[in-house]
Amino acid sequence: MGERLKYYLYLCLFMPLAWLPLCILYRLSDLLYVIMYRMKHYRLHVVRENLRTSFPDKSQQELLQIEKEFYHHFCDNIVETIKLLHISDKQMRRRVTVHGTEFVEDTARRNRPLVIYLGHYGNWEWVPSITLFYNEPKVSAQIYKPIHDAAFDKLMLRLRSRFHSISIPRKKAFRQLLTMRRDIGTFMVGFISDHRTNRDASKYHIDFLRHDTEFFPGGEEIGNRIDAEFLYLDVEKTSRGHYTFTLVPIVPDNTDQDYPITRKYLKMLEATIDRAPAYWLWSHKRWLKPKK
């Protein structure tokens, strides 16, 4: 009963905000920026360290500009996510442009699944809206890590199902996707694979954003087991509240390496981040400090 009450309290808090037009929500975002960046310094030390070590050739002034833009975008991301509780398909079609859907529909006609790799870049919570821009496959899913707060997790699942996507807990992904492959054949599933691996020490490493970076190749392993095509979702923020999503087939540079798909994806994501750094999630601890 406690979790149920908490869930409805969350709805009472966020639903009235979702009814507001985005032009007003962006004014609230501007206020939130002042609170989080200027007053509370939310994770500022993490953001600054990540930017400094990822772009050693940039000046202090350039890094500061990226930092400010990141916090503006981060706050926009929050209100845009809340807006998913009350946004029409028509409005989303005006705000999102999708390229590359021809490959998606061709793969679906061949009854093969699609694995989409993306990062915490732009507004990843708006990504499921790509289902508005193609007819096949009919089923789409995303892999997610449940939130410890069960009531808030339920709210996020409601947001993520706005465009009829299935949310699959990460620990159940392998078995459920194998079942989906057997029962329905073709579907699309998204993996966000740019956070630090939960394993204490992964044996797979790549140079990513000028860091020696561990990665976990679970998405590639599952994709190979279900005979999937692999795509990268390139994201461009064209203006406030407007995004272009481009679906790009992942073609490995070197198939002799372990997990060439994952390695190529991280290189593609790095190029996206280098193009416009402010829109990546710099506030998470992607890299562990080396042990002395």
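If you're wondering where the values come from, they're calculated on a predicted model, not measured in any experiment.
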Look only at the side chain of [X] and the backbone of [Y], and say whether a donor-acceptor pair between them is shorter than 3.5 Å.
| X | Y | value |
| --- | --- | --- |
| Arg160 | Gln142 | no |
| Ser161 | Arg158 | yes |
| Tyr134 | Glu102 | no |
| Lys154 | Asp149 | no |
| Thr101 | Val104 | no |

Could you measure the distance from the [atom1] atom of [X] to the [atom2] atom of [Y]? Nearest 0.5 Å is fine.
| X | Y | atom1 | atom2 | result |
| --- | --- | --- | --- | --- |
| Ile87 | Thr81 | CD1 | OG1 | 10.5 Å |
| Tyr232 | Tyr117 | OH | OH | 13.0 Å |
| Ser29 | Leu22 | OG | CG | 10.5 Å |
| Lys267 | Phe208 | NZ | CZ | 9.5 Å |
| Gln176 | Met180 | CD | CE | 6.5 Å |
| Asp76 | Lys83 | CG | NZ | 14.0 Å |

Does atom [atom1] of [X] have more than 12 heavy-atom neighbours from other groups under 6.0 Å away?
| X | atom1 | result |
| --- | --- | --- |
| Arg112 | CZ | yes |
| Arg93 | CZ | yes |
| Arg27 | CZ | yes |

Nearest heavy-atom pair of [X] and [Y]: which atoms, and what distance?
| X | Y | value |
| --- | --- | --- |
| Arg170 | Ile143 | CA-CG2, 3.6 Å |
| Asp207 | Glu270 | O-OE2, 4.1 Å |
| Ser283 | Val47 | CA-CG2, 3.8 Å |
| Asn111 | Thr186 | OD1-N, 3.5 Å |
| Trp280 | Arg286 | CH2-CG, 4.2 Å |
| Ser165 | Ser140 | OG-OG, 3.0 Å |

| When the ring planes of His195 and His120 are compared, do they come out parallel, tilted or perpendicular, using 30° and 60° as the limits? | parallel
Say whether [X] and [Y] are linked into one hydrophobic cluster, either directly or through other cluster members, by side-chain heavy-atom distances under 4.5 angstrom.
| X | Y | answer |
| --- | --- | --- |
| Leu25 | Leu85 | yes |
| Leu44 | Trp282 | yes |
| Phe187 | Phe133 | yes |
| Val46 | Ile66 | no |
| Tyr144 | Val115 | no |

Hey, does [Y] have a side-chain heavy atom less than 4.5 Å from the side chain of [X]?
| X | Y | value |
| --- | --- | --- |
| Thr131 | His164 | no |
| Met92 | Leu84 | yes |
| Leu118 | Val235 | no |
| Trp287 | Asn50 | yes |
| Arg95 | Asn123 | no |
| Pro113 | Val189 | no |
| Pro260 | Glu220 | yes |
| Glu221 | Phe174 | no |

| Donor on one side chain, acceptor on other, Thr244 and His99, under 3.5 Å |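 Thr244 vs His99: no donor-acceptor pair found between side chains.
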| request: Indicate whether the side chain of Gln61 and that of Gln65 have a donor and an acceptor atom separated by less than 3.5 Å. | output: no
| note | Residue pairs passing the ring-ring contact (aromatic ring centres under 6.0 Å, His included) test with at least one member in residues 234-263, sequence neighbours excluded, are Trp126-Tyr243, Tyr204-Tyr259
| said: side chain to side chain contact (heavy atoms under 4.5 Å, CB included), that's the test. Do Ile116 and Leu247 meet it? Break it down for me. | reply: CA-CA 8 Å; Ile116 296 185; Leu247 294 153; 3.5 Å; yes
| Under the side chain to side chain contact (heavy atoms under 4.5 Å, CB included) criterion, do Arg225 and Ile222 qualify, and how do the steps go? | CA-CA 5 Å; Arg225 283 292 301 271; Ile222 294 173; 5.6 Å; no
| said: Given His73, which partner from the list Tyr279, Tyr121, Tyr26 fulfils the ring-ring contact (aromatic ring centres under 6.0 Å, His included) test? | reply: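 Checked Tyr279, Tyr121, Tyr26 against His73; only one passes ring-ring contact (aromatic ring centres under 6.0 Å, His included): Tyr279.
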Under 3.5 Å, sequence neighbours excluded: what are the donor-acceptor pairs made by side chains of residues 32-41?
unit_1	atom_1	unit_2	atom_2	d
Tyr37	OH	Glu67	OE2	2.5
His41	ND1	Tyr37	O	3.1

| task | Please assess Leu20 against Leu28 for the test side chain to side chain contact (heavy atoms under 4.5 Å, CB included), listing each intermediate value before the final yes or no. | result | CA-CA 10 Å; Leu20 297 173; Leu28 295 177; 4.1 Å; yes
| message | Using a strict threshold of under 4.0 Å (side-chain N to carboxylate O), is an ion pair present between Asp274 and Arg210? | response | yes
| Taking NZ, NE, NH1 and NH2 as the nitrogens, is one of them in Lys6 or Glu3 under 4.0 Å from a carboxylate oxygen of the other? | no
| message | Does Glu236 form a side chain to side chain contact (heavy atoms under 4.5 Å, CB included) with Arg275? I'd like the steps, not just the answer. | response | CA-CA 9 Å; Glu236 182 181 2; Arg275 184 180 66 212; 4.1 Å; yes
| message | Can you confirm if the NZ or CZ of Arg263 lies within 45° of the ring axis of Phe215 and under 6.0 Å from the centre of its six-membered ring? | response |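 Geometry flag: not set, cation outside 6.0 Å or 45°.
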